[in-house]
Amino acid sequence: MRTAILGPAERAESLASMAERELDVLVVGGGVVGAGTALDAVTRGLSTGLVEARDWASGTSSRSSKLIHGGLRYLEMLDFALVREALKERGLLLEKLAPHLVKPVPFLYPLQHKGWERLYAGAGVALYDVMSMAPGHGRGLPAHRHLSRRHALRVAPCLKKDALVGALQYYDAQMDDARFVAALVRTAAGYGARVANRARVTGFLREGERVVGARVRDVEGDGEYEVRAKQVVNATGVWTDDTQAMVGERGQFHVRASKGIHLVVPKDRIHSTTGLILRTEKSVLFVIPWGRHWIVGTTDTGWDLDKAHPAASSADIDYLLEHVNSVLAVPLTRDDVQGVYAGLRPLLAGESEATSKLSREHTVAHPVPGLVVVAGGKYTTYRVMAEDAVDEAVHGLDARVAACVTEDTPLVGAEGYRALWNARARTAARTGLHVVRIEHLLNRYGTLTEEVLELVAGDPSLGEPLQAADDYLRAEITYAASHEGARHLDDVLTRRTRISIETFDRGTRSAREAAELMAPVLGWDNERIEREVRHYEKRVEAERESQRQPDDLTADAARLGAPDIVPL
């Protein structure tokens, strides 16, 4: 497989070639499920296109808890099939598909009752461990362990002494969700899929009842394309119902959005060597290690306002601070919050009005000939959802099609990653970069790190860190635009890197330097640089203002004060 480059020229070529001849499968939606579906289809030998109206992973898939997990709470709900499926996928990702992107992470579960709670919770976590090993994957994670209160406080000194009588510690996994999607897209493109972001479907092509493709508008160049396909897959997540409306069919199910918000705080604000998982009255609360930070989340509330830019209100932030502070010896304050982000889960509507009770199962349907819809599910099981969607699409193709092979198809950067990791000291010596920098690159790009280092070799100034976000090298900004499909400043600061949530200025101090690095790649002049910087600053201010509002309605109105850089 050749490593695909997702630069401006490659994007234009992909859009043009999609319109030249009929595809077997056109996937609409560039989140984790859409990207996974494109990879599944193209690795079965099908000619495949993938379009996304905004940026890759710009919706739900960049705003999750960044966990790859089986879901302990689903085990408590006796949903053994969902947990078993998710644990198998967790093992595959850790060991084979993306070991450079998916990493083990420990969690401490404080016990608040003597006797029965240790037995009850301990039995659940023990079953979780056993189920993770059953499919032959997951043995690489340490087994859970029981801790006394004294031992638990040594592991997590941040906890109040009276907040626990003991604890359990177990392992799950985490990843950078937006980077993972970018890797999926590049992997699909490497196998021959034609991919284009900032390409919006404005309607479906019909022949009688049958869907035979889609009208696609290049929102950057303002061109229009008719992309014909034997099967179209709608993988648009919380936009599923809106996409279905284009064919006059809502489909056999309804997707509701549930908002989850997360806070990002500096590492030194919570003194712990492990993540935390806490019960709330509605769900669970995670405190997740994230480099030099912690992610605290999440909420679970219904949302029927703007889907592109879900807003976190002051009430949301207070809710998380109140619940996490109930167990912390040194409470967090608003001043400790470095970043805030909100995302929407696409849930299949059930009988209950409570979003936490709606289904996390996924479903696939064929509402009209030529159109497949996939919705629901959870990030961890994206590969299973993609397989089911392509299986359904195959029914509409007049040919024998190979079975799914994505269980054995590593993502770009995975093959040879462990060998490069073992040689990281030599790489540091060869390049003159500190070994910590090389580790940072390997855990973001895997073996594609060599491509980033080639940029540094050609221009040593790219080996310097960004002035106001020194976790990232200047080369990473250039690489995001030249190789990873970033089209705008927001794409780089929010998704290709996490500067927008990892700095107290939320990326505003890095905006100009980043825009100037992107400019030569994307052909920007000074006026365009100014426009990108101004837009980013307005977006950050609108988000800050929304987070000062008391409720969803006022927060949504404040967030919409900053329009998109490219109107849809």
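Atom set for the values below is all heavy atoms of this structure, side chains included, hydrogens, waters and symmetry mates excluded. The model shown is predicted, which means the values in this text are computed figures rather than measured ones.
Using a distance-only test at 3.5 Å, with no hydrogens or angles considered, a donor-acceptor pair links the side chain of Thr48 to the main chain of Leu46. Asp55 contributes no side-chain N or O that, together with a main-chain N or O of Ser58, makes up a donor-acceptor pair within less than 3.5 Å. Checked by atom type and distance alone, the side chain of Gln174 pairs as donor or acceptor with a backbone atom of Pro289 at under 3.5 Å. Checking side-chain atoms of Ser500 against main-chain N and O of Arg506 turns up no donor-acceptor pair under 3.5 Å. With Thr449 contributing its side chain and Tyr445 its backbone, the two residues share no donor-acceptor pair below 3.5 Å. Remark: side-chain polar atoms of Glu10 are paired, donor with acceptor, to backbone N or O of Gly7 under 3.5 angstrom. Although no hydrogens or angles enter the test, the distance criterion places no donor-acceptor pair under 3.5 Å between the side chain of Arg194 and the main chain of Ala16.
Look at Asp391 and Arg44 and you find a salt bridge, because one of the NZ, NE, NH1 or NH2 atoms lies within 4.0 Å of a carboxylate O, short of that distance. A salt bridge between Asp459 and Arg474 is absent, with no side-chain N of the basic residue lying under 4.0 Å from a carboxylate O of the acidic one. Checked for salt-bridge contact, Glu220 and Arg11 miss the test: no charged N lies under 4.0 Å from a carboxylate O.
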Asp177 and Arg63: CA distance, side-chain angles, deciding distance, salt bridge (charged side-chain N to carboxylate O under 4.0 Å, His left out) verdict: CA-CA 8 Å; Asp177 47 10; Arg63 306 176 189 182; over 6 Å; no

Evaluation steps, side-chain contact (heavy atoms from CB on, under 4.5 Å), between Arg498 and Ser62: CA-CA 10 Å; Arg498 293 304 189 159; Ser62 61; 4.2 Å; yes

Worked verdict on Phe107 versus Phe286 for ring-ring contact (aromatic ring centres under 6.0 Å, His included): CA-CA 9 Å; Phe107 284 103; Phe286 287 102; 5.4 Å; yes

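With Val27 as the partner, the side-chain contact (heavy atoms from CB on, under 4.5 Å) test is satisfied by one option alone out of Asp40, Leu50, Val195, Val42: Leu50. Test Arg383, His69, Lys378 against Glu89 for side-chain hydrogen bond (donor to acceptor under 3.5 Å, both in side chains) and you get one pass: Arg383.
With a 6.0 Å cutoff to the six-membered ring centre and a 45° limit on the axis angle, Arg418 does not count as a cation-pi contact of Trp421.
Contacts classified as ring pair (Phe, Tyr, Trp, His ring centres under 6.0 Å) and involving residues 457-476 (residues at least two apart or in different chains) are given here: His440-Tyr472.
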